[in-house]
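Below is one structure, written out as structure tokens; comments come after it.
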Amino acid sequence: MFQILIVDDEHIEREGIKRLIHKYKLPLAVLEAENGEEALEMLASHPIDIVLTDIKMPFMDGLTLCERARVQFPELKIIIFSAYGEFEYAQRAFHYQISAYLLKPIDVSDFQRAFDEVIALCHKDQEQEKEELFLEILHAAQASSSHSRKLELIGLHFSQMSVQLILIDYSSSVFDVEHDLLPERLQTVIRAPFDYVNLNESQSLVCVRWDHTVRKEDLESLGSKLKASIADAYNETFTMVISRLIHTGDELAPEFKLMENVLDYKFFFHESTVLYTDESQGQEEIASTIPKLMETLYWHLEVKDEFGLRQGVELFFKTIDGSGQHSAIYVKYMCTELAKKIGETAGKTDVHAFKSIVEAIFGCKSLAELKAQIHTVLGMLDGDTDVHNPEFSKKVIKDIRKLIEDNYTSDISLQWIADKVFLTQTYVSYLFKREVGLTFVKYLTTIRMHKAEALLRETHLTIADISQQVGYMNTSYFCKTFKQVHGQSPAKFREGTS
């Protein structure tokens with residue numbers, strides 16, 4: 001339900017509008033004012049979404065009201081309704097970003113069309129406000145005093161539900177489009193209400209609201225079903241990270257941070273993959289993940305990326321731990337094969353030494369002991385002294401920053417950056433986050449938004465032209481991203497700086 005303020009000095013006119021609102025069952029709670037001065041007082045004391053105002057009124061006319069209201073309440077939707085003889089005034093009113101104007105006497109079809117459009121805009125604003133609140137909760141360092149209020153505003157009532165987050169990350173900028181295909185695909189699989197939030201041009205987040213009767217088997221099969229459902233949506237490789245079931249609001253931010261950390265493992269897979277923060281879920285996916293992961297470990301060995309190899313080993317044991325999908329003999333066999341490859345890469349070909357390693361591996365009594373043994377084997381590698389050198393790291397980051405600065409107008413990716421600095425994506429991702437404090441995508445968005453600010457302030461380029469110049473092919477997506485970062489649209493930002 002939205003709130004509308006009807007401003008007209010004629011009681012009969014106000015009553016007529018109220019009857020139409022009631023007749024067509026519009027989701028509007030009505031407030032009234034007789035002139036502009038009274039309307040401004042109402043706006044200051046009530047959360048009003050829409051103002052419907054006449055032009056000619058005593059004390060303060062409708063145009064002055066529009067001018068002052070626009071300055072104080074930039075998101076307010078304003079509709080003018082005036083007599084035929086005052087049409088020139090209505091034309092002037094468009095300077096104050098009027099959403100619609102209606103002529104007296106009001107034509108019913110015009111009334112319905114105008115209000116349908118304005119209410120749709122209100123719904124869009126409401127959804128965006130909910131998205132912003134949700135992202136604030138996810139990125140909060142700790143729960144604040146307003147935490148409970150924010151959860152209530154976005155409709156997350158944990159006494160009635162549990163929540164599961166699904167992070168979908170594509171290898172390219174698939175969401176820089178007019179119409180996102182994923183929500184429709186997700187609806188065919190997720191049998192519960194869910195919220196869908198676009199994080200950036202390559203990532204989206206789903207928040208599923210499960211009731212307390214959700215079955216364990218539904219949760220366990222969700223990943224494989226979702227993967228199949230969206231596989232051909234954009235014909236691009238993606239990684240999906242699925243959270244455990246979340247039962248309280250305080251768990252949201254830590255779980256989302258864990259999901260972002262798990263996402264770092266995406267570089268170990270060369271095809272679309274589902275990962276979990278809780279390995280007891282998604283047994284079907286884990287069964288096929290291990291062989292693919294071993295292939296990637298061998299690749300890191302071949303390209304002599306010791307950092308990537310060690311990260312991959314961590315993922316291997318993390319995935320195995322608690323999965324229950326593979327026997328101890330099979331896991332030890334895979335570790336033996338890995339040890340053999342490591343020895344060959346390190347130039348250690350002594351048969352007796354390798355036999356001792358195999359005996360040690362098969363003698364391990366626990367997964368922790370097995371992991372420690374593989375780390376001992378990794379010690380055979382000399383390591384790349386350059387990549388651990390602070391001066392080397394600084395130079396790489398400096399080169400990456402310059403590459404982004406020189407190419408932010410293009411559709412650049414982490415893989416493109418990694419190729420330019422002759423390192424693997426795995427290491428570049430780790431190094432960039434460690435040294436800069438942001439992921440590559442977040443840093444690129446920050447640069448683009450900074451450039452957009454300057455163009456809005458200093459040029460008369462259209463919003464569409466600015467969108468193209470900072471690397472966004474879709475103007476509406478650019479506007480949405482800009483508002484997420486700055487809290488206002490590019491047009492409003494430009495007005496405030498003029």
Side-chain angles (χ1 to χ4, degrees), residues 1-108 110-126 128-129 153 483 487-489 491-498:
M1 180 73 72
F2 301 106
Q3 197 141 252
I4 182 171
L5 176 62
I6 303 173
V7 190
D8 197 309
D9 58 329
E10 295 287 342
H11 175 76
I12 191 169
E13 295 284 0
R14 300 198 303 272
E15 286 300 312
I17 296 296
K18 285 162 64 178
R19 279 196 297 273
L20 287 172
I21 289 172
H22 178 74
K23 179 178 179 180
Y24 294 107
K25 297 182 173 58
L26 300 181
L28 299 172
V30 178
L31 295 173
E32 299 177 56
E34 295 185 5
N35 58 67
E37 284 186 357
E38 189 179 332
L40 281 178
E41 291 175 5
M42 297 283 284
L43 284 166
S45 58
H46 295 78
I48 293 168
D49 304 290
I50 305 167
V51 166
L52 175 68
T53 181
D54 191 10
I55 290 181
K56 284 193 173 180
M57 296 178 293
F59 304 110
M60 182 188 292
D61 64 47
L63 291 181
T64 305
L65 169 63
C66 292
E67 180 182 12
R68 295 190 183 180
R70 179 56 65 218
V71 172
Q72 295 180 49
F73 309 99
E75 301 302 323
L76 185 68
K77 308 296 179 285
I78 302 175
I79 301 173
I80 292 284
F81 69 130
S82 70
Y84 284 106
E86 297 161 350
F87 182 68
E88 65 275 14
Y89 295 113
Q91 284 184 310
R92 280 176 50 203
F94 277 96
H95 178 68
Y96 308 121
Q97 297 179 329
I98 303 305
S99 299
Y101 72 85
L102 299 168
L103 298 176
K104 296 180 180 180
I106 287 178
D107 178 84
V108 172
D110 289 343
F111 175 89
Q112 286 183 286
R113 182 169 54 253
F115 271 83
D116 285 346
E117 290 173 357
V118 171
I119 289 170
L121 289 173
C122 289
H123 277 297
K124 188 175 179 181
D125 284 353
Q126 187 180 65
Q128 187 138 358
E129 286 170 13
L153 286 171
K483 188 171 183 181
Q488 57 185 335
S489 67
K492 292 281 195 313
F493 179 88
R494 173 173 268 170
E495 280 178 24
T497 59
S498 60

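Hydrogens, waters and symmetry mates are skipped; everything else that's a heavy atom, side chains included, is used.
Smallest separation of non-hydrogen atoms from Met42 and Ile48: O-CD1, 3.8 Å. Closest approach of Val7 to Gly36, counting heavy atoms only: CG1-N, 4.3 Å. Residues Ile55 and Ser82 share a closest heavy-atom pair of CD1-CB, 3.9 Å.
Evaluation of the side chain to side chain donor-acceptor pair (under 3.5 Å) rule for Asp9 yields no partner, not counting sequence neighbours. The ring-ring contact (aromatic ring centres under 6.0 Å, His included) check on His22 picks up nothing, with sequence neighbours excluded. Taking the side chain to side chain contact (heavy atoms under 4.5 Å, CB included) definition, one finds that Ala491 meets it with Ser489, sequence neighbours left out. Taking Asp61 as the reference, Thr64 meet the side chain to side chain donor-acceptor pair (under 3.5 Å) condition, with sequence neighbours excluded. For Glu38, there are no salt bridge (charged side-chain N to carboxylate O under 4.0 Å, His left out) partners at least two apart in sequence or on another chain. Not counting sequence neighbours, the partners of Glu15 by the salt bridge (charged side-chain N to carboxylate O under 4.0 Å, His left out) test are Lys18. For Arg70, the side chain to side chain contact (heavy atoms under 4.5 Å, CB included) partners two or more places apart in sequence, or in a different chain, are Leu76, Ile78, Gln97. For the salt bridge (charged side-chain N to carboxylate O under 4.0 Å, His left out) test, residues two or more places apart in sequence or in another chain that qualify with Glu75 are Lys483. Legend: residues meeting ring-ring contact (aromatic ring centres under 6.0 Å, His included) with Tyr96, ordered by chain and number and at least two apart, are absent.
Lys104 places a side-chain heavy atom less than 4.5 Å from the side chain of Asp54. Here the side chains of Phe81 and Asp8 are in contact, with some heavy-atom distance below 4.5 Å. Residues Ile17 and Phe111 have side chains in contact (heavy-atom distance under 4.5 Å, counting atoms from C-beta outward). Ile80 places a side-chain heavy atom less than 4.5 Å from the side chain of Thr53.
Counting heavy atoms of neighbouring residues, nucleotides and ligands inside a 6.0 Å radius, atom CZ of Phe59 does not exceed 12 of them.
Separation of atoms CD (Glu34) and NE2 (His11) is listed at 9.5 Å; rounding is to 0.5 Å. Here Ile79 contributes atom CD1 and Ile6 contributes atom CD1; the two are 10.0 Å apart, rounded to the nearest 0.5 Å. How far CG of Leu20 is from CD1 of Ile106: 6.5 Å, rounded to the nearest 0.5 Å. Distance check: Glu13 CD to Glu32 CD gives 12.5 Å after rounding to the nearest 0.5 Å. In this structure, CD on Gln3 lies 9.5 Å from CG on Leu28, to the nearest 0.5 angstrom.
For the side-chain hydrogen bond (donor to acceptor under 3.5 Å, both in side chains) condition, no pair includes a residue of residues 39-49, sequence neighbours left out.
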_Using side chain to side chain contact (heavy atoms under 4.5 Å, CB included), reason through Leu43 and Gln72 one step at a time and then give a plain yes or no._
CA-CA 9 Å; Leu43 284 166; Gln72 295 180 49; over 6 Å; no

Side-chain donor/acceptor pairs under 3.5 Å, residues 112-125, sequence neighbours excluded:
unit_1: Arg113; atom_1: NH2; unit_2: Asp110; atom_2: OD1; d: 2.4
unit_1: Asp125; atom_1: OD2; unit_2: Lys77; atom_2: NZ; d: 2.4

